[in-house]
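Scroll down for the structure; my scribbles are underneath it.
Both ligands and their constituent atoms are indexed starting at 1 by order of listing. Keep in mind that this is a model prediction, so the values were computed, not measured.
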Amino acid sequence: MGLCEFRPPQSIGSGHAMGYRAGLEFTMMEKSVRGEFSAAGRSFPPYGTGNNHNTWYAATMVDARGVEIPYLDRDGNVLKTVSERYYPALGQKFFLKGGVIDEAKYEYRGPETMGVDELMKQGYQLPFYADLSRMPEMERRVIWGMMVGEEAKTRIPVLESYTERGFDPKKHALQSYGTGWQSAGFLDNERQLFGAPGGVFHDWNLKTNIDGIYAAGDQLYASDCCSFASATGYYAGRKAADYADTVSQLPPSRGDIDSEAYRLYAPMYNPEGMHWKELNMAISKAMQNYCGGIKCASLLREGLDLLNSYERDCVPRLSCNNPHDLMRTHEVLDILDVSRLILNACLLRESSSKPLCFERSDFPKRDPERDNHFITIRKEGDRIIRLDVPHNYYGDVEAGYLEYNHTAEGGSK
Ligand SMILES: Cc1cc2nc3c(=O)[nH]c(=O)nc-3n(C[C@H](O)[C@H](O)[C@H](O)COP(=O)(O)OP(=O)(O)OC[C@H]3O[C@@H](n4cnc5c(N)ncnc54)[C@H](O)[C@@H]3O)c2cc1C
């Protein structure tokens, strides 16, 4: 949403776009968070700056004077060794880090560096740096070499480029930007879909509102990373297979195939015109300007008008001359549809909401009782259809799981 570089370019929301075009129902698409990791124009590549989160957990951090920043356990006790940063506190079963649990409950809270406010009070000086040279060799190599190098797009822009230009984690520290550990100090209008974002609405079978279409993983609303994707993928696959046994296969429609082929190849027939990068940047700018941290109906409508004008005036002019650019062109068309889905979803919620990180200047009241429910959105032709669904529509979780978690043959896995 305005920024796309945190995710690899093959992961840009095509499933959301396909689903929206097909009439699938979505929810929570009004939720977005201020950029944290993305590479907006002003920012460094994700994982390319010194920090101690996620991939870089639990790097040794120092301040501008080279004084080490203490790690504390959940009770505020200073940890004395690097290895203690990887263990739960005494009596704690496990701790959680990353994803949507940046602010884990006390029960699951893990070791963390002292908060920035406290650091400033105690005279620690910006900028901070990650200093892997002070870590045991194996920990250093896990962060710089295994995690940075194998995760997302880190191999070429970060590991290879920095190494070629002389960065040596045994000798050099890497700077942090912003006041925390992000790759930049982001603006409120630079937003991303992260931290249990919106997605496809579904029932206990992970079935969507369209018979025969099941969804899993990042596609679902409030999804949360790999374990969620694997568990729901397995489950939705079983349910889809059961459904497939109950219906017969339709013959493919020649007309549909021809019109789809025409749509997909159209940019190849334009000898010159607009490149996908230009449209990609224009959509990004439109979302930053019209769907930023604070939203209101007139801004959102202007944003929609602008994106519709891109569809009318720019899309027919898109041009490319090789399969790679054709693929990127279609990804940008998907971004265009997902952006319109987001703008429409934002228009539907006429209040602000803390859990959805959603602020409307024309409806500043936060989480009023009348809006304390999911709002779903789907498209029927050009019409936007809304439904209000109670938060507890799925009933008791344990009872539901026992009732639905089995195959048609009665087995459960
Ligand atoms: C940089 C980064 C770091 C992350 N770190 C962690 C982490 O530390 N821990 C964690 O648990 N999770 C992490 N995640 C999240 C995790 O990777 C995702 O939640 C998970 O991969 C989602 O799985 P999925 O199968 O739903 O979707 P994806 O893995 O996105 O799979 C979707 C697939 O569909 C393919 N596809 C798209 N369009 C089409 C089409 N038209 N036809 C055919 N195929 C298509 C895509 O190429 C892709 O392979 C991270 C994600 C990113 C981007």
* Tell me yes or no: between the side chains of N52 and T113, is some donor less than 3.5 Å from an acceptor? => yes

* Consider ligand 1: state whether an atom of it lies below 4.0 angstrom from any non-hydrogen atom of Q219. => no

* Going by the side chain to side chain donor-acceptor pair (under 3.5 Å) test, which pairs reach into residues 154-169, not counting sequence neighbours? -> E150-R155

* To do: Output every pair passing side chain to side chain donor-acceptor pair (under 3.5 Å) with a member in residues 299-310, not counting sequence neighbours, ordered by first then second residue.
  => N308-R340

* Structure fact -> In terms of heavy-atom contacts, A236 and A215 come closest through CB-O, 3.5 Å

* Asked: Between A216, S230, S227, A229, which one has a non-hydrogen atom sitting closest to atom 24 (P) of ligand 1?
  -> A229

* **C226: numbered ligand 1 atoms lying under 4.0 Å from its heavy atoms** => 10 (C), 11 (O), 12 (N), 16 (C), 17 (O), 19 (O)

* Structure fact -> Here the atoms of ligand 1 under 4.0 Å from any heavy atom belonging to M18 are 41 (N)

* Ring centers of F201, Y221 separated by less than 6.0 Å -> yes

* Check each atom of ligand 1 against the heavy atoms of G217 and keep those under 4.0 Å away; list them by number with element. => 26 (O)

* To do: For Y47, counting its heavy atoms only, list the atoms of ligand 1 lying under 4.0 Å from any of them.
  => 1 (C), 2 (C), 3 (C)

* To do: Run the numbers for me: atoms of ligand 1, each under 4.0 Å from some heavy atom of D218, listed by number.
  => 18 (C), 19 (O), 22 (C), 26 (O)

* To do: Is it possible for you to check whether R74 lies under 6.0 Å from the centre of the six-membered ring of Y106, through NZ or CZ, and within 45° of that ring's axis?
  => yes

* To do: With heavy atoms of E151 as the reference, note each atom of ligand 1 found under 4.0 Å away.
  => 3 (C), 4 (C), 5 (N), 6 (C), 8 (O)

